[in-house]
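So the structure is just underneath, and the comments pick up after that.
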Amino acid sequence: MPYRDVVAATAAIGALTRGSRHRDAVTLFSRVLSDGIPPNEFTFGTVLRSATALRDLRVGTQLHACVAKFGLCSNVFVGSALVDHYAKMGAMAEAQSALGDTHEPNVVSYTALIAGFLKNGMFDDAHRLFQCMPERNVVSWNAMIGGCSQAGLNEEAVGLFLEMCRQGVRPNDSTFPCVLTSVANAGALGVGRSVHASAIKLLGKLDVYIGNSLVSCYARCGSLEDSVLAFRKMKQKNLVTWNALICGYAQNGRGQEALGAYETMRAMGLKADNVTLLGLLFGCNHAGLVDEGYSLFKTAQLEQAGILKPEHYACVVDLLSRANRFDDAKRFLQELPFEPGIGFWKSMIGGCQIHWNKDLAESVAERIQALDPKDTSSYILLSNVYSAAGSWQSVSMIRRQIKEKGLKRITGCSWIEVQNDVHVFFNGDSRHSQCDEIYMMLESCLGTEEDEHCLV
DNA sequence: CTAGGGTTAG
């Protein structure tokens, strides 16, 4: 039974799109076409959304050709939908060209393109377009801030947030989760508190997204007190809220509390998902709760195997290796339902370093170097195992190899924020103005057990 | 009848 007109047909396709029946929406669209009903801008808008949800660039391209056939390429609405589709598929050249075909592109068209640039790591293009677009609204600012956050451009994201406020654009509910992610990435506790305060001032009530971001942000900035406070203050909580709390405990080495939170969560009738499990395993790992972690994994394997991902398996390898249970770790690796990537072997060699397991470290290092000859970390870790075991000849041999192969070490660093100043430290750093006091304090904290021969 | 931006892990 063909539809009466394009309005009825579009309504039917839209219902399918909204109901997430995207394949059906596309099929219905083709049927409407073959029934001889010419689609309009709304029809294309909704069916393009389904094509995006299906992540099917082929469908998008066919729809684009169809748009051209009906002379709708210059329509703003259709144009924006095309830009959005291509941008989400990562086809940035096509997205740009769709914007170019649009007669008078508006703020929506530009924002869709900017979001696409950021998702595809093209920060400079995004920034340039953001600067020169004719009009910016809160959504465009959010797209920039969120895109920077996701790309790890944390200073840029926080800077954009401040600039937005300075220009008098009022942040909304979506702005805060974006910027708080960056604050958390940077571990900037003071900035986090200011952002929190401005959210309360501007919005009054904080929704569950903002609450979740705060719980996580405070924990990742090292303030579990603030994190738990934010958690308790939330009226509505969802699985993400619990995950944020559990992961926060885990990251701060509080495995027992993570497990406790999980108990409470289950008592409230919530089921763990992959993030919950990862947080729990991570927490057990860092608190030395080997048996607890292993049994959580085993239970998940039996009861909800669907949530298990390579990360979870990697966590278990880490757990067993750190606990000196190398036989269990090896058996576990052999029984993996997939090929272990390089990270699995790195977990194991990390355990070898802790437990001075020279022989195993050698064979694992060989594997890592076979998988990635440029990998420096295996050399460093191996050399640390040798120095721990007192094999100085082997240490100098490794150092020579690193030099000969022209491998570069990426130096790790850490930082801490004190009253809005960020202090960064590298290994063996002596540049800080209070260097002497810091090393003195370190020595008194560490006692005399410190191994000076370690490279990392 | 409609579009673009949001939370948790690594």
Side-chain angles (χ1 to χ4, degrees), chain A residues 6-15 17-18 40-49 52 75-85 87-88 95 99 102 105-116 118-119 133 136-150 152 164 171-181 184-185 206-217 219-220 227 230-231 234 236-248 250-251 258 272-283 307 309-312 314-315 318 343 347:
Chain A
V6 62
V7 178
T10 303
I13 297 169
T17 300
R18 281 189 299 278
N40 64 19
E41 57 188 287
F42 305 129
T43 328
F44 282 115
T46 189
V47 73
L48 274 165
R49 255 177 68 197
T52 306
N75 179 287
V76 203
F77 184 72
V78 179
S80 301
L82 280 169
V83 172
D84 184 51
H85 172 75
K88 291 214 167 92
L99 186 109
T102 309
N106 60 15
V107 59
V108 178
S109 333
Y110 284 106
T111 304
L113 191 59
I114 287 173
L118 288 166
K119 232 172 228 125
M133 68 195 275
R136 280 177 288 275
N137 62 14
V138 61
V139 181
S140 343
W141 283 98
N142 291 351
M144 276 300 283
I145 296 170
C148 287
S149 286
Q150 297 242 306
M164 162 187 189
N172 67 7
D173 291 324
S174 296
T175 316
F176 289 97
C178 298
V179 69
L180 283 168
T181 300
N185 286 341
L206 306 185
D207 72 14
V208 66
Y209 281 87
I210 302 177
N212 293 344
S213 307
L214 284 169
V215 172
S216 164
C217 181
R220 290 175 64 196
S227 172
F231 177 86
M234 291 174 67
Q236 273 186 295
K237 296 187 180 76
N238 58 21
L239 182 57
V240 175
T241 318
W242 286 96
N243 286 348
L245 184 73
I246 289 170
C247 294
Q251 275 192 325
D273 70 356
N274 58 327
V275 178
T276 324
L277 182 62
L278 200 59
L280 290 168
L281 291 174
F282 202 68
I307 68 170
K309 293 181 171 191
E311 297 94 285
H312 300 102
C315 232
D318 212 29
S347 286

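Keep in mind that the numbers below use all heavy atoms, side chains included, and drop hydrogens, waters and symmetry copies. So you know, we letter chains A, B, ... as the sequences are listed, proteins then strands, and number each from 1.
Summarising the geometry, the separation between CD1 on I246(A) and C1' on dT7(B) is reported as 15 Å, rounded to the nearest angstrom. Between D318(A) atom CG and dG10(B) atom C1' the separation is 12 Å, expressed in whole Å. Regarding W242(A), its CH2 atom lies at a distance of 14 Å from the C1' atom of dT8(B), rounded to whole Å. Put simply, CG on L277(A) is 15 Å from P on dA9(B), counting in whole angstrom units.
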Listed pairs, N/O of protein and of nucleotides 2-6 of chain B, under 3.5 Å:
residue : atom : partner : partner atom : Å
dA3(B)  : N1   : N106(A) : ND2          : 3.0
dG4(B)  : OP1  : D84(A)  : OD2          : 3.0
dG4(B)  : N1   : N137(A) : ND2          : 3.2
dG4(B)  : N2   : N137(A) : OD1          : 3.2
dG4(B)  : N2   : N137(A) : ND2          : 2.9
dG5(B)  : OP1  : K88(A)  : NZ           : 3.2
dG5(B)  : N1   : N172(A) : ND2          : 3.4
dG5(B)  : N2   : N142(A) : ND2          : 2.3
dG5(B)  : N2   : N172(A) : OD1          : 2.7
dG5(B)  : N2   : N172(A) : ND2          : 2.2
dG5(B)  : N3   : N142(A) : ND2          : 2.8
dG6(B)  : N1   : D207(A) : OD2          : 3.0
dG6(B)  : N2   : D173(A) : O            : 2.5
dG6(B)  : N2   : D207(A) : OD1          : 3.1
dG6(B)  : N2   : D207(A) : OD2          : 2.8
dG6(B)  : N3   : D173(A) : O            : 3.4

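T241(A) pairs by the side-chain hydrogen bond (donor to acceptor under 3.5 Å, both in side chains) definition with N212(A), N238(A), not counting sequence neighbours. Here T175(A) pairs with N142(A), N172(A) under the side-chain hydrogen bond (donor to acceptor under 3.5 Å, both in side chains) rule; sequence neighbours left out. Residues passing the side-chain hydrogen bond (donor to acceptor under 3.5 Å, both in side chains) test with D273(A), sequence neighbours excluded: N243(A), T276(A). For S216(A), there are no side-chain hydrogen bond (donor to acceptor under 3.5 Å, both in side chains) partners at least two apart in sequence or on another chain. Applying the side chain to side chain contact (heavy atoms under 4.5 Å, CB included) test to S213(A) and every residue at least two apart in sequence or in another chain returns P177(A), L180(A).
Heavy atoms of R136(A) sit nowhere under 4.0 angstrom from any nucleic acid atom. Within the nucleic acid shown, V215(A) has no heavy atom closer than 4.0 Å to any nucleic acid atom.
No side-chain donor-acceptor contact under 3.5 Å links S109(A) and T102(A).
Contact between the side-chain N/O atoms of Q251(A) and the OP1/OP2 oxygens of dG10(B) is found at a separation under 4.0 Å.
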